[in-house]
Amino acid sequence: MRFAPHTDDDVRQMLATIGVASLDDLFDEIPAALRVEGPLDLPGGVSEQEILEDLGNLARADRSLEDLVCFAGAGAYDHFVPSAVWALAGRSEFFTSYTPYQPELSQGVLQTLFEFQSMVCELTELDVSNASLYDGATALVEAVHMARAGGRHRVLVAGGVDPRLVATLRTYGAGSGYAPEVLEAPAGWGGVPAELEPDVAAVVVQHPNVFGILEDVTSFAELAHGGGAELIQVFDPTSLGVLAPPGALGADIAVAEGQSLGNHLNFGGPYLGILAARMEHVRKMPGRIVGETLDVDGDPGYVLTLQAREQHIRREKATSNICTNQTLMAIAATIHLAWLGPEGLAELGRRCAAKAAYAFTALTAVPGVRAAFPDAPFFKEFAIRVPGEAAEVRDALVDRGFLAGVPAPWVGSDVLLVAVTERRTKAQIDALALAMGEVLA
Amino acid sequence: MRFAPHTDDDVRQMLATIGVASLDDLFDEIPAALRVEGPLDLPGGVSEQEILEDLGNLARADRSLEDLVCFAGAGAYDHFVPSAVWALAGRSEFFTSYTPYQPELSQGVLQTLFEFQSMVCELTELDVSNASLYDGATALVEAVHMARAGGRHRVLVAGGVDPRLVATLRTYGAGSGYAPEVLEAPAGWGGVPAELEPDVAAVVVQHPNVFGILEDVTSFAELAHGGGAELIQVFDPTSLGVLAPPGALGADIAVAEGQSLGNHLNFGGPYLGILAARMEHVRKMPGRIVGETLDVDGDPGYVLTLQAREQHIRREKATSNICTNQTLMAIAATIHLAWLGPEGLAELGRRCAAKAAYAFTALTAVPGVRAAFPDAPFFKEFAIRVPGEAAEVRDALVDRGFLAGVPAPWVGSDVLLVAVTERRTKAQIDALALAMGEVLA
Amino acid sequence: MRRGAPVRGQGPPAASTIAELSRPGRRAWSFAPLDVEPVEVPAEHRRASAPGLPEVSELELVRHYTRLSQMNYGVDTGIYPLGSCSMKYNPKLAEVAAAMPGFARMHPLQPDATTQGALELLWRLERALCELTGMARATLQPPAGACGELTGLLMMRAFHAAQGAPRAKVLIPDAAHGTNPASVRMGGFDAVHVPADDRGLVDVEALGRAIDDDVAGLMLTNPNTLGLFERDIERITKLVHDAGGLVYYDGANLNAIMGRTRPGDMGFDIVHINTHKTFATPHGGGGPGAGPVGVVERLVPFLPVPRVERDRDGAFHLSEEAPASIGRMHGFNGNFAVLVRAYAYVFLHGADGLREVSERAVLNANYLAALVRDVFPLAQPDLRPMHEFVSTSVELKDRTGIRVMDIAKRLIDLGYHAPTVYFPLVVEEALMVEPTETETRETLEGLAAALRQAAAEATTDPQALHDAPLSAPVRRLDEARAARQLKLRW
Amino acid sequence: MRRGAPVRGQGPPAASTIAELSRPGRRAWSFAPLDVEPVEVPAEHRRASAPGLPEVSELELVRHYTRLSQMNYGVDTGIYPLGSCSMKYNPKLAEVAAAMPGFARMHPLQPDATTQGALELLWRLERALCELTGMARATLQPPAGACGELTGLLMMRAFHAAQGAPRAKVLIPDAAHGTNPASVRMGGFDAVHVPADDRGLVDVEALGRAIDDDVAGLMLTNPNTLGLFERDIERITKLVHDAGGLVYYDGANLNAIMGRTRPGDMGFDIVHINTHKTFATPHGGGGPGAGPVGVVERLVPFLPVPRVERDRDGAFHLSEEAPASIGRMHGFNGNFAVLVRAYAYVFLHGADGLREVSERAVLNANYLAALVRDVFPLAQPDLRPMHEFVSTSVELKDRTGIRVMDIAKRLIDLGYHAPTVYFPLVVEEALMVEPTETETRETLEGLAAALRQAAAEATTDPQALHDAPLSAPVRRLDEARAARQLKLRW
Ligand SMILES: Cc1ncc(COP(=O)(O)O)c(C=O)c1O
Ligand SMILES: Cc1ncc(COP(=O)(O)O)c(C=O)c1O
């Protein structure tokens with residue numbers, strides 16, 4: 001299949017206008033020695049029907065959540081995506097456009113991003129949000145860079161922070177000159193140090209944390225602020241209908257993985273990096289920021305603003321190198337949040353919490369299974385200890401149609417993280433408990 | 001789930017403005033004796049997630065063509081639908097609009113229908129097309145009614161016409177006062193009578209016919225015209241890249257099932273009734289017709305025209321009662337035809353013909369299987385005789401992953417109609433032949 | 001000024017068809033290489049010259065129809081208050097359901113064993129519609145309301161024939177929708193019009209006089225075309241029944257009464273439903289729809305085939321065995337994918353949800369009527385309309401010469417699609433308005449304000465009305481010219 | 001006049017946010033009834049006041065975002081000739097593929113046994129990209145080009161560290177895209193700019209002088225930012241290699257050379273690809289994209305984890321075992337659904353198809369350049385541009401005072417999206433034009449005519465340029481005000 005529209009006649013006339021004899025002549029700047037002789041070692045082109053059959057076969061070789069009941073989380077969750085979300089975000093005027101360099105032709109994307117920023121501020125009770133980053137992990141990286149812009153170097157990370165976030169921090173830190181220091185948290189949460197050295201730029205806490213546990217964010221905030229550092233909170237947007245927002249808990253910068261807002265699991269991406277902060281940080285923020293302004297008639301409109309922060313203007317002095325971002329995911333998140341409203345978001349949170357609590361009771365009642373962190377309060381995810389290897393139990397349950405959770409080897413090879421969204425039913429939870437009992441018997 | 005947007009406050013204020021005390025008062029015109037007391041005997045409302053799960057379960061209880069290789073045809077065919085077709089026809093400005101009573105706000109639908117009519121005329125080499133009817137069967141009914149408008153009564157139907165078309169004619173004929181008379185065609189085609197009585201209004205021939213056989217349309221045309229009757233041809237749009245068009249064969253009115261143009265099989269509908277005719281019939285045509293005109297500035301635009309034919313103006317004297325039609329299917333067909341172009345349509349026809357020919361050889365080589373109509377030329381479908389009951393052989397092949405065809409009991413309980421579209425591969429055909437051999441062994 | 005208007009994409013400004021974009025050799029199509037021997041079509045059957053279809057690239061195709069789509073107004077772009085059409089919100093979830101391969105990729109002639117899900121869906125939907133309308137059984141086969149009407153009339157015909165006493169006449173009110181008389185004729189009956197009384201309701205006395213033993217039946221909508229409930233409906237149906245006739249319920253206005261009253265309880269024998277109205281299946285620019293027809297017990301034998309039946313073991317099958325059946329009304333199983341959407345709507349709402357739908361539909365119509373009736377008087381000021389109302393602007397016309405069509409066109413420039421105009425024919429300068437339940441109070445107030453502004457401009461700025469529309473892709477179109485100088489293809 | 005323009009749906013004319021539509025108690029949401037015991041969030045963790053999210057019905061939601069979508073220009077509405085962005089047609093089939101449940105409904109942490117299809121897709125795509133670029137292995141994890149750059153630079157850093165000789169500097173051309181220097185800094189290097197010679201190519205002499213043993217590497221696009229092929233590329237890469245440095249290929253311009261030449265053959269060690277450019281994955285209004293990075297053999301140990309590996313038995317798995325790896329660049333597996341679309345594009349086209357893509361991309365750019373270069377002279381008139389060209393309207397500005405921004409805005413009224421303007425910074429009044437291969441000759445001629453008209457109006461009708469745009473949803477917007485009076489939320 002081909003999309004280039006040229007007829008032989010077009011090619012002939014265009015070459016004539018250009019003033020060259022052949023298509024090959026257009027490439028004569030390429031030194032002979034560098035020219036590829038003969039075709040690349042790739043299959044030949046195929047038709048639309050063939051490529052869709054090929055892709056269909058690959059897709060069918062996967063076991064998707066259409067046939068596995070999902071209790072896996074650890075940062076990516078099987079929430080319900082309302083049909084209206086992608087019926088709208090999927091409109092081609094949105095998804096075939098690009099960065100709004102000509103704002104007059106891009107008011108749709110710009111206004112939607114302005115609404116996204118506004119909703120993120122409403123959720124977090126912080127002053128300002130950008131218009132998306134790659135994902136939750138890279139959003140945390142950017143938050144740390146914002147905090148380090150002050151000149152301090154060290155980065156302390158609470159023990160309850162997801163190790164894959166820490167790993168991502170470590171990778172980027174190698175370039176920026178820091179190594180995240182992870183605090184002890186034997187109880188699965190807390191572990192607030194007595195005090196802070198003056199060279200600490202940021203303290204990072206995740207709430208609910210990687211084990212789903214509700215952290216004592218305020219203590220971390222007091223620690224950070226007492227020591228002149230910034231508090232960065234990693235939050236879960238689906239929790240903010242019921243849980244106190246980062247702004248109220250003392251966070252200076254808050255970041256999140258926004259996948260659970262209208263985005264499909266997509267085997268890991270594209271997801272949505274959310275970053276919000278207090279106003280004083282606005283000029284240190286990475287990425288696109290949309291602002292409202294007026295046109296020459298004095299009517300309101302939207303533009304990209306504070307671009308002096310960005311790479312295309314500030315180059316090596318930019319706050320970040322990000323250019324292409326996750327705008328379409330932000331559009332989907334905006335539509336999903338508008339679909340939910342304050343009531344729906346609260347209902348969503350209540351359902352997650354209630355079903356997770358029920359699942360906790362059901363699973364810890366399975367002989368041999370116990371809570372990894374018995375009396376820690378949690379939101380929609382929790383950790384259990386199973387007899388034997390968590391990974392093996394998980395695999396055995398796959399054969400019974402369940403994706404039972406995600407192993408947490410860093411706290412023990414027998415630990416399994418179990419996430420329960422509003423999408424799960426009591427019947428499914430009971431069935432999982434039953435199956436787990438059988439598997440362990 | 002609910003879509004009514006009213007808040008309690010809205011309801012209160014609106015009732016006040018109306019001047020009634022309660023919602024019930026709005027229904028006080030309904031005599032007490034007729035009021036439903038208590039809820040209907042229907043389940044309660046559910047959420048979006050629940051209804052989609054319910055529907056998903058029903059859909060999974062079906063065996064779709066995702067897992068059955070389809071050789072079934074008999075008027076509905078498994079052709080490939082390019083992704084662009086529904087990405088465009090599915091645009092909500094098209095599918096949430098209605099009959100263009102305000103043409104200035106409906107130029108999109110109107111122009112697309114004008115293009116549809118134009119393409120149908122190009123395909124059929126007839127002068128005029130309407131903007132869609134319910135399906136192929138009801139299109140034939142309307143064509144017969146057009147022919148009978150002249151005052152003659154009888155309707156002759158060639159033996160090769162699909163019995164379900166004849167059955168539909170019979171149903172409608174009961175109201176209009178005719179009974180279709182089916183001619184003999186022992187060879188599976190032809191059977192042109194020597195001459196026509198003067199009370200015959202129309203002769204109906206299907207080409208390719210129900211057995212996929214290429215009919216001798218011209219002889220039927222000569223018969224009809226010699227006897228002062230109209231020739232109505234039922235055609236297959238996917239054949240018109242390679243086969244001579246109805247207009248060239250002498251058809252006065254041509255009708256078709258347009259499903260194979262960009263429309264999914266949908267278990268039988270919505271499909272697309274196509275009807276084209278010579279110009280002298282235009283005022284007898286049923287349904288919507290779009291015409292080009294000028295606006296007050298002298299610029300071109302499109303409107304519904306010749307509405308004096310239609311029920312909303314002419315009432316009992318209308319050419320038909322049709323109102324809501326199959327516009328969206330016509331839009332999809334238009335896009336599909338534009339995607340194909342003359343070349344693509346011819347390629348499509350060549351592939352169907354070649355693959356059907358290959359399948360004919362492969363299947364008639366299976367021990368015990370023979371051609372039902374040995375030397376009749378066919379297009380994309382053909383009839384075979386199997387040892388035993390065709391329906392049983394078909395059912396046995398379902399267990400092997402094939403929808404092998406459609407039984408044709410009216411010519412024999414051992415006859416199976418096998419259709420082969422461009423979508424089928426040599427490997428699938430070989431596999432069907434192999435499986436049929438096993439089933440019959 | 002285009003404030004807030006859509007971006008105009010690239011492309012020829014004036015209407016230009018896809019044919020004008022065509023260039024020989026361009027293409028969007030692709031096929032797998034032919035993997036078998038090519039065959040030649042016999043010479044005598046071969047096409048001489050290729051059809052003049054456009055040759056375009058896929059991107060040109062996409063841009064052309066994207067641009068055309070944007071030149072169209074739909075429920076998704078604004079209120080669409082056509083009377084008698086129930087242009088309500090079309091839930092996106094129904095599109096997701098209809099696209100499931102277990103529905104979309106099903107051949108109509110698959111063996112029953114492979115279609116149990118589809119058949120169960122039809123079975124459940126049939127039962128729900130029967131409960132909603134008070135009928136015994138229903139056929140889901142008719143692809144639209146008009147076809148449903150004919151289906152009902154053919155059953156009427158078969159019923160009387162089976163009684164050994166064929167009848168020739170069917171009564172319909174003056175104000176009936178055009179499909180009613182047209183269907184009556186296609187059913188082989190003569191349409192006899194019954195007048196309305198001065199309240200706009202069926203004149204029961206006149207009806208009584210019109211009924212004789214040659215009357216096969218009566219067709220009625222209730223609420224009627226004026227949006228008024230026929231409060232004498234019990235007397236009406238009894239009159240017809242006493243004379244041996246049947247009563248047909250045109251369900252186009254069912255959106256007014258769900259969960260409040262049922263055609264069956266009123267005495268109707270046959271009921272059709274327009275799923276694209278009451279159950280929000282998209283109108284598709286003119287279709288597709290679906291027109292299921294329910295009947296009372298004594299008419300069940302005459303229902304079309306195939307029918308969905310359930311065996312003792314609970315399995316479903318399509319049955320053609322029904323000797324008294326009128327036969328088939330459609331080539332296959334009707335507009336199945338539309339019925340999937342109707343199922344989604346009906347079972348999503350459930351009993352209370354559907355009752356609420358009608359409640360809010362009637363609330364919205366009465367609210368909008370209250371906001372405009374001083375300017376556009378109701379055709380029947382004394383009776384409360386239900387889900388829609390009919391106003392007349394005859395006074396405005398007499399006073400200012402402004403036609404209701406001018407009002408309709410001016411509404412376009414004010415950002416709204418007009419209500420139905422010039423229907424019903426029995427009302428001069430009619431404005432038939434059905435807002436539906438999915439519109440907000442603010443939207444109704446906005447439309448009311450636009451209607452009032454247009455009426456006011458009839459005196460203050462008539463030119464604005466004559467010139468309208470100025471903000472649409474085209475100005476007012478010459479329909480007479482279209483019918484005179486036929487240009488029906490490129 | 002709105003001839004052929006889209007219909008403006010109902011809705012507030014001026015920009016009004018969804019918050020302004022909100023009414024307490026309205027809702028679109030629905031959930032299944034809670035089927036377990038409710039639990040209370042511990043008081044100390046409870047949210048005090050609800051967030052100010054909008055409360056709207058689903059129809060209002062649909063209309064609001066449908067209206068906003070129509071206020072946006074995209075490739076589906078017209079040519080989008082942004083330089084360096086390869087805004088080509090985004091095939092609809094790729095959307096169908098990405099929506100398959102076997103891709104869309106996969107959790108990133110499922111066990112490998114349940115993800116064999118997804119892993120095989122990544123495996124095949126990695127190999128194809130390596131063949132296309134001449135690299136040994138690649139990571140598909142970076143979610144965009146800039147992240148790919150940083151990935152490459154961190155590998156550079158790890159490579160030199162592994163040699164026991166860390167290096168501090170990375171060379172980049174003056175004209176480099178902003179992400180290059182920004183990534184260099186995030187990689188912990190100092191960016192050293194190398195000047196261009198008077199042909200607009202890397203000044204090889206100057207480069208030679210800039211290179212020392214503290215230079216970790218050089219970043220380059222080829223063709224370069226001016227769309228010119230760096231014909232001395234072999235000398236350039238050799239210079240760097242001889243000094244022990246690595247050479248990074250910024251693949252943003254890969255659309256120019258597919259199947260013609262390969263970065264690996266030119267001597268590059270690291271290559272990133274922007275799938276949203278070269279492989280037509282939709283730009284999504286600003287993203288998502290994907291920025292796979294390929295490397296030569298000696299850099300393979302440093303590639304990020306997880307990597308897709310294949311065991312002897314042919315099964316695929318995600319491996320974290322790579323002691324020298326720089327680690328992970330993304331929380332999970334990168335923008336997988338974007339990579340599905342890239343796979344669809346690459347294997348749909350195949351070897352010859354991709355070669356043709358570049359051929360036609362270069363043809364279109366040169367044709368368009370030929371049509372406008374007399375009015376908008378090329379920044380480098382002596383060299384043939386490849387897939388894009390850079391013009392300057394400095395002469396126009398000096399003569400008439402019309403800025404290239406005025407030209408850009410005027411294009412909007414003429415129905416076109418402008419090319420990139422004011423980039424590269426090294427060219428005054430720059431106009432950077434990349435039409436891509438999917439545009440027709442007619443479209444290029446239309447854009448050329450519009451550009452020429454705008455240039456002519458600089459003398460004949462400057463007001464039209466100063467006033468532009470008049471046909472967009474808003475007029476020219478005050479960006480200074482936006483930055484001065486920050487309004488970043490409602
Ligand atoms: C009152 C009435 N009856 C019948 C019909 C015909 O229904 P359909 O258009 O579905 O054929 C309509 C539709 O407009 C109608 O309004
Ligand atoms: C030359 C060049 N390099 C790098 C980038 C950055 O790629 P991305 O936007 O995907 O991060 C771009 C994108 O605009 C570019 O044009």
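Lettering follows sequence order; numbering is per chain, from 1. Keep in mind that what you see is a predicted model, and the values were worked out from it rather than measured.
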Between the main-chain N or O of [Y] and the side-chain N or O of [X], is there a donor-acceptor pair closer than 3.5 Å?
X: B:D297; Y: B:D299; result: no
X: C:S22; Y: C:E55; result: yes
X: B:T168; Y: B:T138; result: no
X: C:N333; Y: B:F267; result: yes
X: B:S132; Y: B:N325; result: no
X: B:T96; Y: C:D76; result: yes
X: B:D78; Y: B:C70; result: no
X: C:T261; Y: B:L34; result: yes
X: B:Q107; Y: B:Y302; result: yes

Please look at [X] and chain B and tell me whether the side chain, the backbone, both or neither of the residue comes under 4.5 angstrom of a heavy atom of that chain.
X: C:A370; value: side chain
X: C:V62; value: both
X: C:Y89; value: side chain
X: C:R476; value: both
X: C:D478; value: both
X: C:M266; value: both
X: C:P42; value: side chain
X: C:Q110; value: both
X: C:N274; value: neither
X: C:L488; value: both
X: C:A158; value: neither
X: C:P111; value: both
X: C:L348; value: both
X: C:L132; value: both

Name the option with the most non-hydrogen atom pairs under 4.5 Å to chain B; the candidates are [options].
options: C:G286, C:G178, C:G327; answer: C:G286
options: C:I18, C:L153, C:D352; answer: C:I18
options: C:Q116, C:R355, C:M186; answer: C:M186
options: C:P304, C:P101, C:A128; answer: C:P101
options: C:G259, C:G289, C:G353; answer: C:G259
options: C:P143, C:A48, C:A50; answer: C:P143

Only pairs of heavy atoms separated by less than 4.5 Å count here; which of [options] has the most with chain C?
options: B:L337, B:D395, B:V290, B:I335; value: B:I335
options: B:L105, B:I18, B:L265; value: B:L105
options: B:L345, B:L15, B:L23, B:I331; value: B:L23
options: B:M14, B:K355, B:E347; value: B:M14

Please examine the side chains of [Y] and [X], heavy atoms only from C-beta on, and report whether any two atoms are closer than 4.5 Å.
X: B:I429; Y: B:K426; answer: no
X: C:N72; Y: B:R91; answer: no
X: C:E95; Y: C:P282; answer: yes

Residue [X] versus chain C: region with a heavy atom under 4.5 Å:
X: B:R170; value: neither
X: B:H312; value: backbone
X: B:Y358; value: side chain
X: B:V398; value: side chain
X: B:L214; value: both
X: B:L165; value: neither
X: B:T305; value: side chain
X: B:I51; value: side chain
X: B:R35; value: both
X: B:P43; value: both
X: B:R288; value: neither
X: B:V296; value: both
X: B:D41; value: both
X: B:E422; value: side chain

**OP:** Before giving the answer on salt bridge (charged side-chain N to carboxylate O under 4.0 Å, His left out), spell out for C:R47 and B:E125 the whole-Å C-alpha distance, their side-chain angles and the decisive distance to 0.1 Å.
**Re:** CA-CA 11 Å; C:R47 180 164 193 138; B:E125 291 188 4; 3.4 Å; yes
**OP:** Apply side-chain contact (heavy atoms from CB on, under 4.5 Å) to the pair B:Y172 and C:C147, showing each step before the final yes or no.
**Re:** CA-CA 10 Å; B:Y172 287 77; C:C147 184; 3.4 Å; yes
**OP:** Please work out whether the ring planes of C:F332 and C:H107 are parallel, tilted or perpendicular, with thresholds of 30° and 60°.
**Re:**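 Perpendicular: the ring planes of C:F332 and C:H107 meet at over 60°.
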**OP:** Fit a plane to each ring of C:H276 and C:H283, take the angle between them on a 0 to 90° scale, and name the class: parallel (under 30°), tilted (30 to 60°) or perpendicular (over 60°).
**Re:**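 The arrangement is perpendicular - the two ring planes meet at more than 60°.
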Original post:
salt bridge (Lys or Arg N to Asp or Glu O under 4.0 Å) with B:E343: which residues, sequence neighbours excluded?
Top reply: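 B:E343 satisfies salt bridge (Lys or Arg N to Asp or Glu O under 4.0 Å) with no residue once adjacent residues are dropped.
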Original post:
Around B:Q13, counting heavy atoms of other residues, nucleotides and ligands shown, do more than 12 lie under 6.0 Å from its CD?
Top reply: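 Counting other residues, nucleotides and ligands, CD of B:Q13 exceeds 12 neighbours.
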**OP:** Begin with the C-alpha distance, continue with both residues' side-chain angles, and end with the deciding distance and a verdict on side-chain contact (heavy atoms from CB on, under 4.5 Å) for C:L34 and B:R350.
**Re:** CA-CA 9 Å; C:L34 188 55; B:R350 286 185 209 111; 5.8 Å; no
Original post:
Side chains of C:Y343 and B:D54: do they bring a donor and an acceptor to under 3.5 Å?
Top reply: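 Side-chain D/A pair, C:Y343 to B:D54: present.
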**OP:** Begin from the C-alpha positions of B:E29 and C:R384 and carry the test salt bridge (charged side-chain N to carboxylate O under 4.0 Å, His left out) through to its verdict.
**Re:** CA-CA 8 Å; B:E29 293 281 330; C:R384 167 172 302 119; 5.5 Å; no
